[in-house]
Amino acid sequence: MSSQKPSIPKGTRDFSPAEMVRRNFIFDAIRNVFKVFGYLPIETPAMENLSTLMGKYGEEGDKLLFKILNSGNYLDGLPDAESGMRDAGSRIQYLTKHIAEKGLRYDLTVPFARFVVQHQNELVFPFKRYQIQPVWRADRPQKGRYREFFQCDVDVIGSNSLLYEVELAQIIDSVFSALGIKVLIRINNRKVLAGIAEAIGAAEKLTDITVAMDKLDKTGIDKVNDELIEHGISYESVEKLQPILNLEGKLKTKFEILTEFFTTSETGRKGLEEMHLVLQHLKELDLVNKFDFDVKLARGLSYYTGTIIEVKALDVAMGSICGGGRYDDLTGIFGLPGMSGVGISFGADRIYDVMNESHLFPDTILASTRALFINFGTAEEKYCLKLLANLRKKGIPSEIYPEPLKLKKQMEYANRKNIPFVILVGKDEMESGLPTVKDMRSGEQRPCSIEEMIKLLS
RNA sequence: GUGGUCGUAGCUCAGUUGGUUAGAGCGAUAGAUUGUGGAUCUAUAGGUCGUGGGUUCAAGCCCCAUCUUCCACCCCA
C-alpha cells in the first residue's frame, strides 16, 4: 500500500500557532473598532443556494464561484447529448443548474442582503452588522490573492444617510491607525462616474469607461484611450474625457472643474454634492489618514450606486486591502426594494501580508505563556500545582513542564516559547516557601514571596 | 479562463557542456556543564532532487504530462 502525499487545494493555506496569534491580533483590532461604532455580529453559512449567488457579481463573478456537486445520483434524469443542446456552453449551463444547487459564498455582502430580507421582521433598522468569515473564489492564485480568504465586513442597511459614509471612513481610519499601516484611501462616487459618462455622451458605456479609467495609474493615458476606442466609444467622447483623466490638484479645483463639466448632467451634480458633504464632514473630524477624492476610482462590483471607497497600503505592493461602497437596491432582487445600504470589507489576509512584510506585528503577541514552572520531581510537582492554580485564578497564563528533565531542557523550552518568566521550586524553595523567579530577558533571578511573584507576573 | 515562471534537507539556496557516493549556511538532535536558556566548540541525523512517464550506457540537469508557487492579463480582498 503506497501512502499518498498529503496536500491541500490550490490557493488554500494552513495556519500555524504563530500565524494564528498574528491573525487574531488583526481580527481583534478590527472587531474592537466595529464594536465601538455600535455594530453587532452575525454569521451566515459557508454555502448558499447557487440561485442566491449567481448573477450578483457580473459575468466574471459567476465564473469564479465554487459550485458544490449535489449528493446522490445527480446524473439521473438528465437528458443525453442528443437532446438538442449542441454547443458545449449551453450544455454546461444546463448541466450545472441540475447537478449543483449550492455554492461557496463569494463575499459577505450578498449573503448579508439575503439575510436581511429573510429576517427583516426581526431586525431594527438602520441595521448595523459586522461579519468576519471566510469567502471563496475560484481565481488563479497570486501574491495576496487566495482561493480561501477572510473578509471583515461592516455594513449598515436601511438608511440613505451620508453620515454612514462618514462613519465607515472613520472606521477605516481607526482600523489602520490601530494596526500601524500607512494607507492611501481613495474615495469616489458612482454618480460622478455616471455623470462623466453622460457628459461625454456615452452614458450606456459606463462600465467600459470606468474599467478603463481605473487603469490610468497603471498603464498610462494612451492605453486607456486605446481601450476606450476599442470598446466602441467615439473619438469625440474620448476627447471630451481628457480633462477628467488629467484632473489633478486641490479638492477645490477638482470640484470647480467637475461642476462645470456637469452642467448637462443632473446625476453628476448629485454625485458631486454627496462627495462634498462626506468630505466636508471628514475634514472636521481630525483623522489620522488622508482621504483622496479620485474620479478614476471605479471598483468592478456592479451593485454599487453611490459612494465607493478603496484602501491601499503605501509601503507594500499589494492589491486593495479594504474596499466598499453604497448600494441602493441590493435587497431588491430578494424581494425587498427600497433598502439602501453601505458597507466596507477589510481583507484580513492581505492586511496580514502587508503587516508581515513591514514587520508591524509586535513581538510581544507571540508569548502566550507568562510563566513556566520548572519540574524538579514528584514532591515539587505537587507543591507547584497549587501555586500554578493560584496564578491561573489570577488570570496569569502559566504552565508547568511535564517531566523532571534536565534544567537545560526545561529552560530551553521556555526560551523557545518566548516565556518571559521561569519559576524554580526545588527543595530549598519548598523549605523557605520562597519560589525563585527568573526573568528570562535579563537573566536575573531571586527568591520571591507569593505576593511578590504575583505582582511581578501580573 | 489566457500567456509565462518556479520547485533540490525543516528553512534559504549552490549544484559546470548529462558522468562515480547530490553540497553549504541556518535550524534540529546529542554532548562539552547532574539547579539554569540565549553565546561558543564538537559530533550526529536529515533528500525517491514536486509527482508520473520518456530519451540515454548514464538524468537534479534533456523531452512530455501533471501538481504547486510566483508573475502578467482579466478581475478583485
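Each chain gets a letter, A, B and so on, in the order the sequences are listed, and its residues count up from 1.
Figure legend. rG31(B) is base-paired to rC41(B); pairs are counted as Watson-Crick or G-U wobble with both atom distances under 3.5 Å. Of all nucleotides present, only rC64(B) satisfies the Watson-Crick or G-U wobble test against rG52(B), with each distance under 3.5 Å. Look at rG46(B): it lacks any Watson-Crick or wobble partner with both distances under 3.5 angstrom. Pairing for rU2(B) goes to rA72(B), judged as Watson-Crick or G-U wobble with the two contacts each under 3.5 Å. Nucleotide rU16(B) forms a pair with no other nucleotide shown, judged by Watson-Crick or G-U wobble geometry with both contacts under 3.5 Å.
Nucleic acid contact class of Cys152(A) (heavy atoms, under 4.0 Å, all strands): none. Nucleic acid contact for Phe346(A): none, since no nucleic acid atom lies under 4.0 Å from a heavy atom of the residue. Nucleic acid contact for Gly58(A): none, since no nucleic acid atom lies under 4.0 Å from a heavy atom of the residue. Contacts of Glu60(A) with the nucleic acid, taken as non-hydrogen atoms under 4.0 Å apart, involve only primed sugar atoms and P, OP1 or OP2. Gly11(A) comes within 4.0 angstrom of sugar-phosphate atoms only, judged by non-hydrogen atoms across all strands, and of no base.
Asp208(A) has its CG atom 14 Å from the C1' atom of rC74(B), to the nearest Å. As rounded to whole Å, 17 Å separates atom P of rA77(B) from atom CD1 of Ile26(A). As a whole-Å value, the separation of Tyr130(A) OH from rA77(B) C1' is 20 Å. Rounded to whole Å, the distance from CZ on Arg137(A) to P on rG1(B) is 17 Å. Atom P of nucleotide rA77(B) and atom CZ of Phe27(A) are separated by 16 Å, given to the nearest angstrom. Between the CG atom of Asp139(A) and the C1' atom of rC70(B) there is a distance of 14 Å, rounded to whole Å. Protein atom NZ of Lys56(A) is 17 Å distant from nucleotide atom P of rC76(B), rounded to whole Å. Taking atom NZ on Lys10(A) and atom C1' on rU5(B), their separation rounds to 13 Å, with Å as the unit.
Between rU40(B) and rG52(B), the two P atoms lie 40 Å apart (nearest whole Å). Separating the C1' atom of rU48(B) from that of rA59(B) is a span of 14 Å, rounded to the nearest Å. Distance check on atom P: rC57(B) versus rG46(B) gives 34 Å, rounded to whole Å. Of the P atoms belonging to rC26(B) and rA22(B), the separation is 22 Å, rounded to the nearest Å. Across rU56(B) and rC67(B), the matching C1' atoms stand 26 Å from one another, rounded to whole Å. A gap of 7 Å separates the C1' atoms of rA14(B) and rA24(B), to the nearest Å. A distance of about 12 Å separates the C1' atoms of rU5(B) and rU68(B), rounded to the whole Å. rC73(B) sits 36 Å from rU55(B) when the C1' atoms are compared, rounded to a whole Å.
Not a single donor-acceptor pair, N or O on each side, falls under 3.5 Å between the base of rA77(B) and the side chain of Arg145(A).
Aromatic ring orientation, Tyr413(A) versus Tyr401(A): perpendicular (interplanar angle above 60°, classes split at 30° and 60°). Taking the six-membered ring where tryptophan is involved, the planes of Tyr304(A) and Tyr327(A) are tilted, since the angle between them lies from 30° to 60°.
Listed for the Gln410(A) side chain is a donor-acceptor partner under 3.5 Å among the backbone atoms of Leu405(A).
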#### Entry: Heavy-atom protein contacts under 4.0 Å, nucleotides 28-41 of chain B, coded B base, S sugar-phosphate only, - none
SSSS---BBBB---
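The closest side-chain donor-acceptor pair between Asn375(A) and Glu403(A), if any, does not fall under 3.5 angstrom. Thr378(A) and Glu381(A) form no side-chain donor-acceptor contact under 3.5 Å, judged by distance and modelled atom types alone. Residues Asp155(A) and Gln131(A) have side chains that never bring a donor and an acceptor to within less than 3.5 angstrom of each other. A side-chain donor-acceptor contact under 3.5 Å links Arg22(A) and Asn356(A). For the residue pair Thr436(A) / Gln445(A), no side-chain donor-acceptor distance below 3.5 Å is found, with atom types taken as modelled.
Out of rC74(B), rA77(B), rG1(B), the shortest distance to the side chain of Arg140(A) is found at rG1(B).
Map Ile321(A) and Gln142(A) each onto its nearest nucleotide of RNA chain B; the residue landing nearer the 5' end is Gln142(A).
The salt bridge (charged side-chain N to carboxylate O under 4.0 Å, His left out) test with Arg145(A) is passed by exactly one of Asp353(A), Asp139(A), Asp349(A): Asp139(A).
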